[in-house]
Enquirer: 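This is the structure I want to talk about, given as structure tokens.
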Amino acid sequence: QVRLAESGGGLVQAGGSLRLSCAAPGRIFSSYTLAWFRQAPVKEREFVAAINWSGGGTYYVGSVKGRFAISRDNAKNTMYLQMNSLKPEDTAVYYCAANLSVSKVTAMTSYGYWGQGTQVTVSS
């Protein structure tokens, strides 16, 4: 059973920053596409950002472009999401996801491995 583990969530004021981390087993980390999704209360889970195996390709949903940055450190088997200029509408549970072959980076169905999520709350 492959387990992904998110950390770094918390409560922050609007305009503040947080950095989320996602740790994964080394055997999948180095060659898999990794992504962040989020789910706000009474909303569907949505794509936030993704990064390919080498880190050379990154993808973002429009609402976070210029504010969030996804990165990975394959030596540490860890992916990051640096979140700056946070807004109350960024409040959600953030999940990391992984898969070896991803046909559509924004689709939940492209990812076979998920973490348990970490709560991010942005107060106004």
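Since we're looking at a predicted model, the values are computed, not measured. These values consider heavy atoms only, across backbone and side chains, with no hydrogens, waters or symmetry-generated copies.
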Enquirer: So, Tyr111 versus Phe37, ring centres under 6.0 angstrom or not?
Expert: yes
Enquirer: Quick one: CD on Gln116 to SG on Cys96, what's the gap to the nearest 0.5 Å?
Expert: 10.0 Å
Enquirer: For Ala50 versus Val105, what's the shortest heavy-atom pair and its separation?
Expert: CB-CB, 4.1 Å
Enquirer: Fit a plane to each ring of Tyr94 and Phe68, take the angle between them on a 0 to 90° scale, and name the class: parallel (under 30°), tilted (30 to 60°) or perpendicular (over 60°).
Expert: tilted
Enquirer: With Trp36, which of Leu81, Ile51, Val64 fulfils side chain to side chain contact (heavy atoms under 4.5 Å, CB included)?
Expert: Leu81
Enquirer: Would you say the side-chain atoms of Gln39 pair up with the backbone N or O of Val93, donor to acceptor, closer than 3.5 Å?
Expert: no
Enquirer: Is there a side-chain contact between Ser110 and Asn99 (heavy atoms, below 4.5 Å)?
Expert: no
Enquirer: Any idea which heavy atoms bring Ala92 and Arg38 closest together, and the distance?
Expert: CB-CB, 3.8 Å
Enquirer: Return yes if some donor-acceptor pair links the side-chain N/O of Arg72 with the main-chain N/O of Asn77 below 3.5 Å, else return no.
Expert: no
Enquirer: Sequence neighbours left out, what passes side chain to side chain contact (heavy atoms under 4.5 Å, CB included) with Glu89? Give chain and number order.
Expert: Lys87
Enquirer: Please check if the number of heavy atoms outside Glu46 that lie under 6.0 Å from its CD is greater than 12.
Expert: yes
Enquirer: Atom CZ of Phe47 and atom OG of Ser63: how far apart are they, to the nearest 0.5 Å?
Expert: 10.0 Å
Enquirer: Would you kindly check if the NZ (Lys) or CZ (Arg) of Arg3 is within the cone defined by 45 degrees around the ring axis of Trp114 and under 6.0 Å from the six-membered ring centre?
Expert: no
Enquirer: Side chains of Lys104 and Thr109, heavy atoms from C-beta outward: is any pair under 4.5 Å?
Expert: no
Enquirer: Are Val120 and Ile70 connected into the same hydrophobic cluster when the rule is that any two of I, L, V, M, F, W, Y join if their side-chain heavy atoms are below 4.5 Å apart?
Expert: yes
Enquirer: Short question: side chain of Asn52, backbone of Gly57 - any donor-acceptor pair under 3.5 Å?
Expert: yes
Enquirer: Using distance only, find each side-chain donor-acceptor pair of residues 9-25 under 3.5 Å and give its atom names and separation, not counting sequence neighbours.
Expert:
| unit_1 | atom_1 | unit_2 | atom_2 | d |
| --- | --- | --- | --- | --- |
| Ser17 | OG | Asn84 | OD1 | 2.9 |

Enquirer: With clusters defined by side-chain heavy atoms of hydrophobic residues (ILVMFWY) lying less than 4.5 Å apart, directly or transitively, does Trp53 cluster with Tyr60?
Expert: no
Enquirer: Is there a side-chain contact between Arg67 and Asp90, using heavy atoms and a 4.5 Å cut-off?
Expert: yes
Enquirer: Mind telling me whether Tyr32 and Tyr113 have parallel, tilted or perpendicular rings, with 30° and 60° as the class edges?
Expert: tilted
